[in-house]
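Just the heavy atoms: all of them, side chains too, but no hydrogens, waters or symmetry mates, feed the values below. Counting starts at 1 for both ligands and their atoms, in listed order.
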Amino acid sequence: MARFHRLRVAAVDRLTDDSVALTLAVPPDLREEYRYAPGQHLALRRTVDGEEIRRTYSICSPAPDGEGPSTLRVGVRLVEGGAFSTYALKEINLGDELEVMTPAGRFTLQPAPGQYAAIVGGSGITPVLSIVSTLLAREPRARFCLIRSDRTAASTMFLEEVADLKDRYPDRFQLVTVLSREEQQAGLPSGRLDQERLTGLLPALLPVGQVDGWFLCGPYGLVEGAERTLRGLGVPRSRIHEEIFHVDASPAPAGAATAPAHSTVTARLDGRGGTWPVQDGESLLDTVLRNRPDAPYACKGGVCGTCRAFLVSGEVRMDRNFALEAEETEAGYVLACQSHPVTERVELDFDR
Ligand code: FES
């Protein structure tokens, strides 16, 4: 069950002009709760003028084997006008305490022998850095090919950490950097990493059909383009893992007309249940939150997957879903923050 605790900031490292890495100290009694799989994220929360703001940031550090971590390191990039990232870049200091949710997310890889690859854009490197550094350290029979796209070298997050991987694992780690706003220099390809480009690049880099897992992370356009490219090259959907950062707000699809006049949601959360009326137009997460403030969420935008719940009975309509894999929706999982009732009674289980 997701929980918040106050963790102390143990380091603030500036990565680029517009990004930092925050290291959070985990006291011994909380280490078990903050044990994470490489690729997971943390939600941070703060209250501004009485309003609670939550944002998720991916953990970039390798996941320790055995006991839980003594520190957690996350990457934060400034988002224009972003309420949390502006605070993180300009105000957070060493020794401050932050409210941090226990790790969540299913964009993960458990170390196993094989060939893996990632296509990332911008801050999308953050979870992949944790995935690749954990994998190569723990599994000597694993190889990783990282294709990353950034605007310029100066705006590239974790440049040193990635260079270190190259030095440490010269035979098992392959790196291709594409810079979209810089002239070609030092042999680096420039231009956008679009579908056409990837279709030419990937087969020249590695045996596409033999890759055991593809990890795509970054802005919506890049992840979608990379997925279409891979599917076009014959890669099965089950080998593609995606995490989308930044989705432009899109209008919710029409469909409210099908909503029944009076619906109720029954939700089970942390072992306790309740049934409440759904107010006009609100998401099922909002209904639950009015009655159970401990319901898990972070983005409320269909992106992070923190609000995932199992639909026990009834039917819902989701506005958008950038977080759940097809297998999860087929298995009956929904994003509560995007769900609206289609039937008069809907039952959700947040504990499954
Ligand atoms: S809270 Fe992030 S997907 Fe629902």
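Side-chain N/O atoms of Ser283 and Tyr297 include no donor and acceptor closer than 3.5 Å.
Of all atoms in ligand 1, listed by their number and element, those nearer than 4.0 Å to a heavy atom of Gly302 are 3 (S).
Among the atoms of Cys307, none of the N, O or S atoms falls under 2.8 Å from atom 2 (Fe) of ligand 1. At least one N, O or S atom of Cys337 sits under 2.8 Å from atom 4 (Fe) of ligand 1.
By the 6.0 Å and 45° rule, Arg308 stacks over the aromatic ring of Tyr333. Phe173 does not carry Arg168 over the face of its six-membered ring by the limits of under 6.0 Å from the centre and within 45° of the normal. Seen from the ring of Phe4, Arg45 counts as a face-on cation partner, given the 6.0 Å and 45° thresholds.
In terms of protein heavy-atom proximity, atom 3 (S) of ligand 1 is nearest to Gly305 N, 3.3 Å. The shortest contact between atom 1 (S) of ligand 1 and any protein heavy atom is with Lys300 N, 3.2 Å.
Looking at Asp270 and Arg268, no side-chain N of the basic residue comes within less than 4.0 Å of a carboxylate O on the acidic one, giving no salt bridge. We find that Arg352 and Asp349 are joined by a salt bridge, their nearest charged nitrogen and carboxylate oxygen being less than 4.0 Å apart.
Atom 2 (Fe) of ligand 1 is the vertex of the angle joining SG of Cys299 and SG of Cys304, which measures 100° to the nearest 10°.
Assignment of Ala323 to the shell around ligand 1 is not supported, since no heavy atom sits closer than 4.0 Å.
Contact annotation for Ala298 and ligand 1: only backbone heavy atoms (N, CA, C, O) come within less than 4.0 Å of the ligand. At a heavy-atom distance under 4.0 Å, only backbone atoms of Val303 (N, CA, C or O) approach ligand 1.
Note that the CG atom of Leu22 and the CG atom of Leu44 stand 7.5 Å from one another [nearest 0.5 Å].
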